[in-house]
2 protein chains.
Amino acid sequence: MSSIGVVTPASMHFDSPLSLQSGAVLCDYTLVYETYGHLNPDRSNAVLVCHALNASHHVAGLHADEQGQPLPKSQGWWDNLIGPGKPLDTNKFFVIGINNPGSCFGSTGPMHTNPDTGRLYGADFPVVTVEDWVDAQARLLDRLGIGQLAAVVGGSLGGMQAMSWALQYPQRLRHCVVIASAPNLSAQNIAFNEVARRAIVTDPDFHGGHYYAHGVVPRRGLRVARMIGHITYLSDDVMAEKFGRQLVGRERGEAPHYSTQDVEFQVESYLRYQGDKFSDYFDANTYLLITRALDYFDPARTFDGNLSAALAKAVAKFLIISFTTDWRFSPERSREIVKALVDHRHDVSYAEIDAPHGHDAFLLDDPRYHALLRAYFERIDQELSEDHEPRHE
Amino acid sequence: MSSIGVVTPASMHFDSPLSLQSGAVLCDYTLVYETYGHLNPDRSNAVLVCHALNASHHVAGLHADEQGQPLPKSQGWWDNLIGPGKPLDTNKFFVIGINNPGSCFGSTGPMHTNPDTGRLYGADFPVVTVEDWVDAQARLLDRLGIGQLAAVVGGSLGGMQAMSWALQYPQRLRHCVVIASAPNLSAQNIAFNEVARRAIVTDPDFHGGHYYAHGVVPRRGLRVARMIGHITYLSDDVMAEKFGRQLVGRERGEAPHYSTQDVEFQVESYLRYQGDKFSDYFDANTYLLITRALDYFDPARTFDGNLSAALAKAVAKFLIISFTTDWRFSPERSREIVKALVDHRHDVSYAEIDAPHGHDAFLLDDPRYHALLRAYFERIDQELSEDHEPRHE
């Protein structure tokens, strides 16, 4: 296993309008993407990796400075999974990461200029949905000349995109890998998103979403949003193990400082740090857009809530993975997807990984989880080779 | 069963200083309290009810307007439990509710004048702990001439006070009833409190806790704090049942409005309403103080984390109650208390009530829950009568 090394993002401009689910139209946009490995001659080994809330097209490898030197800590967000000899092996597969429109990491989003007004989009950026993102991704693949993907893979919100691929473009993917995801958000999930959004929108520096013009950022709101998010990404147990009730600057058993505003417990220090860091780089309008895309995703909505009916049109083979301690998208939610697929005798594999890390587990290199993905991608590779062998009938 | 009817809060002034756990001293303070029922001649039938984060001394009965007419919706927070013929029967018991110092409901708190400066306390109100509250409550009982309580009862943070009574004044209570509580907060519990506090403290209207002088209230922060709180009070299931994914002003299956800032889902509307309402009446400094009292409570801290050792000095009989769907203070946390008591062969009864409502269940009138409390208080009443009967030896 070795790293991919330095990678350089590419970008692709689209000037044919993208009709969005809301009825709005994105007339002109750019998508940023990265690829790893090589597309085989019959263009059958492409794997699309869809990103979640806080991520981007930079899935694997390192970014470099202007002198071409790798930047420290610049690994892609799934670098532990993707690379030569890694479970999603770039010696075998051509892996593509695409940044979704509405993001703040390069593809057209709220921080770009609205061609209609000549000003930054800000809060005027149209609402985008999982389905819109999948449409945008499909167009990029058209331009890359990729008709059918070997697989679409995603965790969390990325898993929703993978699922949506199987419904919007059933023939364009062989395998659909949905990790730590759900068929829709629960009321509790929506509630957490809503609190985060209220924290952002009611920050006086939000200025109705046009804060760029004021030279400020709704940093307070972003911090609170990120802190809430972090709590839902970690399991209760892993928080207890990492931080427990340990006080900052105190020995075990020592009394606290007795302060309502200063940091007392280590978990507070951790959350404040995460919030600060996030507010330095993440765009508030993007946060609103992406959490809304999460809220809105619900393939069963137009099937009177019947997920089996909604998934009937899928033809891909599915791998569904959940983690026992994930309370954001619990195994129960993954089992709903599995049940709906089984109802139609779809080819579906399901694994519930006993991992302590909560929702975040999908980003970590738990050995059982990675071994499972390795085996699954080896099976896909095998299938692709068998398609190439001369058939003896 | 009938209601207590109109009740009038009493207040008691204390001019002997109360030494607090932090080392600070509250020189001069007033406690507001209510009582229901009658103290029997040998003063043995008093039951103290301790309040949680968002409550007060107004435990049962109604408040009246200036003409003595009952105010609508002015029932005390545990009115369903306490009254003539109710599970905690005021025909038998003399029930006392005391508002804790630091509160915003009448007892001396941040909204009162600091005698040292002549200005409102605001953020200068000293940090108060569960132990400090119990000390203050004990002094009020001294003045009422109550040596031993028949029981101390509390839910959530109130349960922590009941537990602390059994440790600080072991001989002063016969029974300790701890409902939907925990022996301390977990890292996740602290994390939720911390996010709520950060939302309040970083609201520009907080002014370092001296917002009264500016004629403003950190309403945005309070709203977010309350919304977070509400999510943790309800179970995922009850949220799903109450709100599901239902959109506001849309039929089932209809498309949403596609907006990042407007209310879309009913759960959002509910949370915003709760946040608005709360920010109208709750004091931000009190919110910080009470969440910190929650964070700090940890009787095992000075026993190297050994809860059994910490509870060794208790002599009261215990009733511990938890609710299956309470994820704020899960049954597992109550079982820790039970185990620690059993380690010392304490008299402890434990009930895990199968209720769908999450942490809020302790405030609701679930029939199994109330039947259990009724039976337990009948047993206490029986004990008290037996103490009065002539003994035949």
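Quick caveat: nothing in here was measured; it's all calculated off a predicted structure. Below, chain A is the first sequence line, B the second, and so on; all start at residue 1. Values reported hereafter were calculated over all heavy atoms of this structure, with side chains retained and with hydrogens, waters and symmetry mates removed.
Ranked by heavy-atom pairs shorter than 4.5 Å toward chain B, the options A:Pro126, A:Gly305, A:Ser259 are led by A:Ser259.
Residue A:Ala191 comes nearest to B:Val267 through the heavy atom pair CB-CG2, 4.1 Å, listed as atom of the first residue, atom of the second, then distance. Among all heavy-atom pairs drawn from A:Arg245 and B:Phe297, the shortest one is NH2-O, 3.6 Å.
A salt bridge links B:Arg197 with A:Glu268: the distance from a Lys NZ or Arg NE/NH1/NH2 to an Asp or Glu carboxylate oxygen falls below 4.0 Å. Salt bridge absent: B:Arg292 and A:Glu264 never bring a charged side-chain N and a carboxylate O closer than 4.0 Å.
Only the side chain of A:Val201 has a heavy atom closer than 4.5 Å to any heavy atom of chain B. For a residue to count as touching a neighbouring chain, one of its non-hydrogen atoms must lie under 4.5 Å from one of that chain's; by this rule A:Arg301 touches chain B with backbone and side chain alike. Of the atoms belonging to A:Arg272, it is side-chain heavy atoms, and not backbone ones, that fall under 4.5 Å from chain B. Looking at A:Leu20, neither its backbone nor its side chain comes within 4.5 Å of chain B, counting heavy atoms on both sides. Neither the backbone nor the side chain of A:Gln246 has a heavy atom closer than 4.5 Å to any heavy atom of chain B. Contact of B:Leu247 with chain A is not made at all, since no heavy-atom distance falls under 4.5 Å. For a residue to count as touching a neighbouring chain, one of its non-hydrogen atoms must lie under 4.5 Å from one of that chain's; by this rule A:Phe192 touches chain B with backbone and side chain alike. Both the backbone and the side chain of A:Leu289 have a heavy atom closer than 4.5 Å to some heavy atom of chain B. Looking at B:Asn184, the atoms closer than 4.5 Å to chain A (heavy atoms on both sides) sit in the backbone and in the side chain alike. For A:Glu241, no part lies under 4.5 angstrom from a heavy atom of chain B. Contact annotation for A:Ala199: both backbone and side-chain heavy atoms come within less than 4.5 Å of a heavy atom of chain B. Proximity to chain B is absent for every atom of A:Thr291, based on heavy atoms less than 4.5 angstrom apart.
Note that the CZ atom of A:Phe265 and the CG atom of B:Asn189 stand 11.0 Å from one another [nearest 0.5 Å]. To the nearest 0.5 Å, atoms CG (A:Asp304) and CZ (B:Arg252) are separated by 5.0 Å.
A donor-acceptor distance shorter than 3.5 angstrom exists from the side chain of B:Arg220 to the backbone of A:Thr202, with no hydrogens or angles considered.
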